[in-house]
Amino acid sequence: MLESLLHLLQRFLKSPNQIKQIHSRLITNGHLRRNPNPKFSKWRTTLFYNTLIRAHLGFGEAHKAFFLFTQMLSHQAHPNSHTFPPLVKAVAVAGGGGWPCYGRALHAQVVKRGVWGDPVVQTSFVSMYARFGEVWDARKVFDEMTEPCVVACNAMIDGLGKNGDMGGAVWMFERMPERDVVSWTSVISGFGRNGWFGEGVWFFKRMMGSEDVRGGFVKPNEATFVSVLSSCANLDGWGSLYWGKQIHGHVVRNEVQLSVFMGTALVDLYGKSGCLTGAWNVFEEMRVKEVCTWNAMISALSLNGREKEALELFEKMMEKRLRPNEVTFVAVLTACAHGNSVKCGLDLFKSMSKDFGVEPIMEHYGCVVDLLGRAGLFKEATELLKNMPFEPDASVLGALLGSCKIHGTTELGNEVGKKLIELQPQHCGRYLVLSNIYAANERWDHAASVRKAMVHAGIQKIPAFSRIDVRYVTFATKE
DNA sequence: GTAGGGTTAG
């Protein structure tokens, strides 16, 4: 009986319903309590709890994992080194402000139960501390490990990348005695996360040409492709489409079916590099689509001048009864702003919290201010700014300043521009837009004084340039 | 006598 329940648990680790059924059987049979029978070995109860905790984490019920742990303690089942890694991961998944409390409590438990020396447990803490920005604590745990294995080093590399230390990440990568696909992927995704897109793509190329310790090639997997595609999508100019297509080709030659992750990354890539046909083809080809996939396609349309189609696709998404999220509304509101659909945008803005339960954040206000400003509705825009539940940040004010420039609204532009310079004294563009507004209205004295203030603040203007890509030759003209 | 790391949309 016991053996078969254990077998079932392990087999259905990923099926919530089955796990819940087995869980209730375990409770009614009393297997989750300490059994006074000496024939009943102690570790078996521990094993049940460990497997249940892991299962609940697996299907996204992180809070139940904690509950199981407290039950485990109250029933005097002894946690061992296998108990903690899933719990530490549950802290990371649950996230939020409560992490220091849970995370450090678990750390204390680990020390108390005498399993701190276990490398798997230590690795899980390296990830957890790094994920919450405590890279110094992560490093301390890592340095306590006598012989960190590949996985531990990978966790540290990823942690350094997550905290903006790509120098440290690459340093560690170069000194590893052996590297696997995750080591490479961690560096590639780190570069992308920190905005070093070219370096990310370069590292991918380096990976494709390198050999591992056994003389074989390192084979990229789905995570590798998704990471490098996201870097490609953000490359400037022709590189984006060129390298993106190369990698897409590689995916097609090596992968059977497009996963949601990979497909979404490709839709985003084609959307950002202006190749709408490419984005559509991937979108249509995908069997399984999630909300983020629709978001990527709607953004692709709205960023490439197809505002009407973006809104139509949003309608289609509604017909499929998919739940739009924050990102969806950023995409559709952008479409409305670019397409000058004031009424449509305002209706969507009203309905997002009322009908869909999505509370507007700064980005949404930015879109609506942009929408109103472009239409010249400055009274409404300032009204919205005043009634925002939080202080407008530079992106929102920047949207308004941009509109003031288009419409030559000097007075408001002056006010907004001054506020912006207070917020971002080192941003050369802010001074220039303000000075251009004055110049456009022949207020040369004001224009000159803004330029002077800029020089005074020690800011140099970065020359703007426009660029036309013809095949692979780039023509650039400096302003 | 089970286990740990990397992934998409603004």
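Reminder, nothing fancy here: chain letters follow the sequence lines and each chain counts from 1.
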| task | If the plane angle is over 60° it's perpendicular, under 30° parallel, otherwise tilted; pick one for A/Phe329 and A/Phe356. | result | tilted
| task | Just compare B/dT7, B/dG6, B/dG1 and give me whichever is closest to any side-chain atom of A/Ser227. | result | B/dT7
| remark: With the side chain defined as heavy atoms from C-beta on, A/Pro85 is closest, among B/dG6, B/dG1, B/dG4, to B/dG4
| Polar contact flag, side-chain donor to acceptor under 3.5 angstrom, A/Asn80-A/Asp118 | no
| message | At 4.0 Å (heavy atoms only), tell me whether A/Ser299 reaches a base, stays on the sugar-phosphate, or touches nothing. | response | sugar-phosphate
| What does A/Ala155 touch in the nucleic acid at a heavy-atom separation under 4.0 angstrom: a base, only the sugar-phosphate, or nothing? | nothing
| said: Rounding to an integer number of Å, can you tell me how far A/Phe125 CZ sits from B/dG4 P? | reply: 15 Å
| Hey, does A/Asp158 reach any base, or is it just sugar-phosphate, or nothing, if we go heavy atoms under 4.0 Å? | sugar-phosphate
| task | Mark yes or no for a side-chain to base donor-acceptor pair under 3.5 Å between A/Asn50 and B/dA3, with no hydrogen or angle criteria applied. | result | no
| query | Only one of A/Val342, A/Asn340, A/Asp347, A/Leu348 forms a side-chain contact (heavy atoms from CB on, under 4.5 Å) with A/Cys344, so which one is it? | reply | A/Leu348
| said: It should be established whether A/Lys272 places a side-chain nitrogen or oxygen under 4.0 Å from OP1 or OP2 of nucleotide B/dG10. | reply: yes
| task | Look at all strands and tell whether A/Leu269 reaches a base, only sugar-phosphate, or nothing, counting heavy atoms closer than 4.0 Å. | result | nothing
| In whole angstrom, what separates A/Phe48's CZ from B/dA3's C1'? | 18 Å
| query | A/Cys149 near the nucleic acid: base, sugar-phosphate alone, or nothing, with a heavy-atom cut-off under 4.0 Å? | reply | base
| query | With distance as the sole test, does A/Thr123 use its side chain to make a donor-acceptor pair with the main-chain N or O of A/Pro119 at under 3.5 Å? | reply | yes
| field | Among B/dA9, B/dG6, B/dA3, the nucleotide that comes nearest once only the side chain of A/Asn295 is considered | value | B/dA9
| request: Please state how far atom CE in A/Met207 lies from atom C1' in B/dG6, giving the value in whole angstrom units. | output: 11 Å
| task | Just say parallel, tilted or perpendicular for the rings of A/Tyr129 and A/His107, cut-offs at 30° and 60°. | result | tilted
| remark: Ranking B/dG10, B/dG6, B/dA9 by distance to the side chain of A/Thr264, first place goes to B/dA9
| message | I want to check something: taking the side chain as every heavy atom from C-beta on, are A/Val187 and A/Glu199 in contact at a cut-off of under 4.5 Å? | response | no
| task | Ignoring backbone atoms, test whether A/Arg54 places a side-chain nitrogen or oxygen under 4.0 Å from the OP1 or OP2 oxygen of B/dG4. | result | no
| field | Rounded distance (Å) that lies between atom C1' of B/dG6 and atom CZ of A/Arg179 | value | 16 Å
| Whole-Å distance between B/dA3 P and A/Gln122 CD? | 20 Å
| message | Tell me if the side-chain of A/Asp118 makes a donor-acceptor pair with the base of B/dG4, cut-off 3.5 Å, by modelled atom types. | response | no
| field | Nearest-Å distance for atom pair CZ/P, residues A/Phe349 and B/dG10 | value | 20 Å
| query | If you check every side-chain atom of A/Asp268, which of B/dT2, B/dG6, B/dA9 has the closest atom? | reply | B/dA9
| said: What is the distance, to the nearest angstrom, from the OH atom on A/Tyr365 to the P atom on B/dG10? | reply: 22 Å
| query | What is the distance, rounded to the nearest whole Å, between atom CG of A/Asn234 and atom C1' of B/dG10? | reply | 11 Å
